[in-house]
2 protein chains.
Amino acid sequence: MDIEKCDVTVIHEETIEKVKKDMLGNEELTEMAELFKVLGDPTRLRIVSALLLSEMCVCDLSALLDVSQSAISHQLRILKQTRLVKYRREGKVVYYSLDDEHIETLFLTSYAHISERG
Amino acid sequence: MDIEKCDVTVIHEETIEKVKKDMLGNEELTEMAELFKVLGDPTRLRIVSALLLSEMCVCDLSALLDVSQSAISHQLRILKQTRLVKYRREGKVVYYSLDDEHIETLFLTSYAHISERG
DNA sequence: TAAACACATGAACATATATTCATATGTTAG
DNA sequence: CTAACATATGAATATATGTTCATGTGTTTA
């Protein structure tokens, strides 16, 4: 065994070394955390939830979710930057839709998680 | 068509009504957003990433991730509250491990997402 | 019982971020 | 070209949140 003061060293050095080797790198984990963070805002997740059912324009999203047009635009900008949504322009109107196959999986898995218990 | 001022009403009323009907409720979406938010912090996701490989005590996580023991404890508390981790006590040492089958799916899907493009 | 250790937690502080407000941009109709 | 409209965006503000610091709790050992 390898027991010393926690401040100085560690209790299970072998475990740490093994995990350190197999674990994902910080860059990747940071990027993944960014993705989760984007989905971790109620307004953005409601937008995603809506776009999962149909493409929509900013105005419709604003009305549907009862959130100001400006707030919706700001959030769509973030979703765009993370490449979670794409858009197409038709005259004055801009239509947004989901731009990633994985979003639905994340969405459904999250739903399964919260559905499992009270 | 159904075009009026965006502030007053909406452009595609039928789409909105349809989506409003089929969309998940706000309570569920808020709960799902909470889950994503918890995974959306780099420190917490690194903890999850480590526990995906092995159960670990607080001290080991602190050393592995180079984060103070206090910070790790605070984050584990949040992961506990969301029931993402469970723990068992063995003398002075508390061992944490993942407490949900869905976490790995979320983790892998997120990884697939960020791996797809530069 | 007292000291040592592993972990938990409350308060404070610093930073991040979501919304609002005002205004800019881009497009169409008249 | 100008007015009207849909959307985008910068600045400001209010709130949320992650870390640190100090200290508390629970367990073991000497």
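Chain identifiers are assigned alphabetically (A, B, ...) following the order of the sequence lines, protein sequences preceding nucleic acid strands; residue numbering begins at 1 within each chain.
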Chemist: Counting heavy atoms from C-beta on, name the nucleotide in D:dT7, D:dT19, D:dG18 closest to the side chain of B:I78.
Modeler: D:dG18
Chemist: Ignoring hydrogens and angles, are the base of D:dT19 and the side chain of B:S70 linked by a donor-acceptor pair under 3.5 Å?
Modeler: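 Answer no: no donor N or O sits under 3.5 Å from an acceptor.
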Chemist: Which of the following nucleotides, C:dC7, C:dT9, C:dA8, is nearest to the side chain of B:R77?
Modeler: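 From the listed options, C:dT9 comes nearest.
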Chemist: Rounded to whole Å, how long is the line connecting atom CZ of B:F36 with atom P of D:dA16?
Modeler: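 Value for this atom pair: 22 Å.
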Chemist: Between C:dC7 atom C1' and B:R88 atom CZ, what is the distance in whole Å?
Modeler: 15 Å
Chemist: Is there a donor and acceptor pair, one atom on the side chain of A:Q69 and one on the base of D:dA8, closer than 3.5 Å?
Modeler: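 Check passes, donor-acceptor contact within cut-off.
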Chemist: Without decimals, in angstroms, what is the distance between A:D66 CG and C:dT19 P?
Modeler: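 Taking CG of A:D66 and P of C:dT19, I get 12 Å after rounding.
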Chemist: Between P on C:dC7 and NZ on B:K80, what's the gap in Å once rounded to a whole number?
Modeler: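 Those two atoms, NZ and P, are 11 Å apart.
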Chemist: Both A:V67 and A:K37 contact DNA chain C. Which one's nearest nucleotide lies toward the 5' end?
Modeler: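 Nearest-nucleotide comparison on DNA chain C picks A:K37.
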Chemist: Taking atom CD1 of A:I16 and atom SG of B:C59, what is their separation to the nearest 0.5 Å?
Modeler: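 It is 7.5 Å, given to the nearest 0.5 Å.
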Chemist: Whole Å only: how far is the CD atom of B:E34 from the P atom of D:dA16?
Modeler: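 Interatomic distance, CD of B:E34 to P of D:dA16: 12 Å.
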Chemist: Could you tell me whether the side-chain ring of B:H74 sits stacked on the base of D:dT19, using a centroid cut-off under 5.5 Å and a plane angle under 30°?
Modeler: no
Chemist: For DNA chain C, whose closest nucleotide is more 5', that of A:K92 or that of B:A71?
Modeler: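 Counting from the 5' end, the first nearest nucleotide belongs to B:A71.
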Chemist: Quick one, B:E34 and A:I114 - any side-chain contact, counting heavy atoms below 4.5 Å?
Modeler: no
Chemist: With a cut-off of less than 4.0 Å, is there a side-chain N or O of B:R44 near OP1 or OP2 of D:dG18?
Modeler: yes
Chemist: Would a 4.5 Å heavy-atom cut-off, applied to side chains only, mark A:F107 and B:L24 as touching?
Modeler: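 Sidechains of B:L24 and A:F107: in contact.
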Chemist: Under a 3.5 Å distance rule, please check whether B:T82 uses its side chain to pair with a backbone N or O of B:I78 as donor and acceptor.
Modeler: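 Side chain of B:T82 to backbone of B:I78: a pair is present.
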Chemist: Write down the distance between CG (B:D41) and P (C:dT15), rounded to a whole number of angstrom.
Modeler: 16 Å
Chemist: Without decimals, in angstroms, what is the distance between B:L65 CG and D:dG18 P?
Modeler: 15 Å
Chemist: In whole angstrom, what separates A:Q75's CD from D:dT9's P?
Modeler: 13 Å
Chemist: Should B:S73 be listed as having a side-chain N or O under 4.0 Å from OP1 or OP2 of C:dC7?
Modeler: no
Chemist: The side chain of B:V58 lies closest to which of these nucleotides: D:dT7, C:dC7, C:dA18?
Modeler: C:dC7
Chemist: So, the side chain of B:R89 versus the backbone of B:G91: is there a donor-acceptor pair under 3.5 Å, distance only?
Modeler: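 Yes: the side chain of B:R89 pairs with the backbone of B:G91.
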Chemist: Determine the contact category for A:Y96: base if any of its heavy atoms lies under 4.0 Å from a base atom, sugar-phosphate if only primed atoms, P, OP1 or OP2 are that close, otherwise nothing.
Modeler: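 Sugar-phosphate, backbone atoms only, no base.
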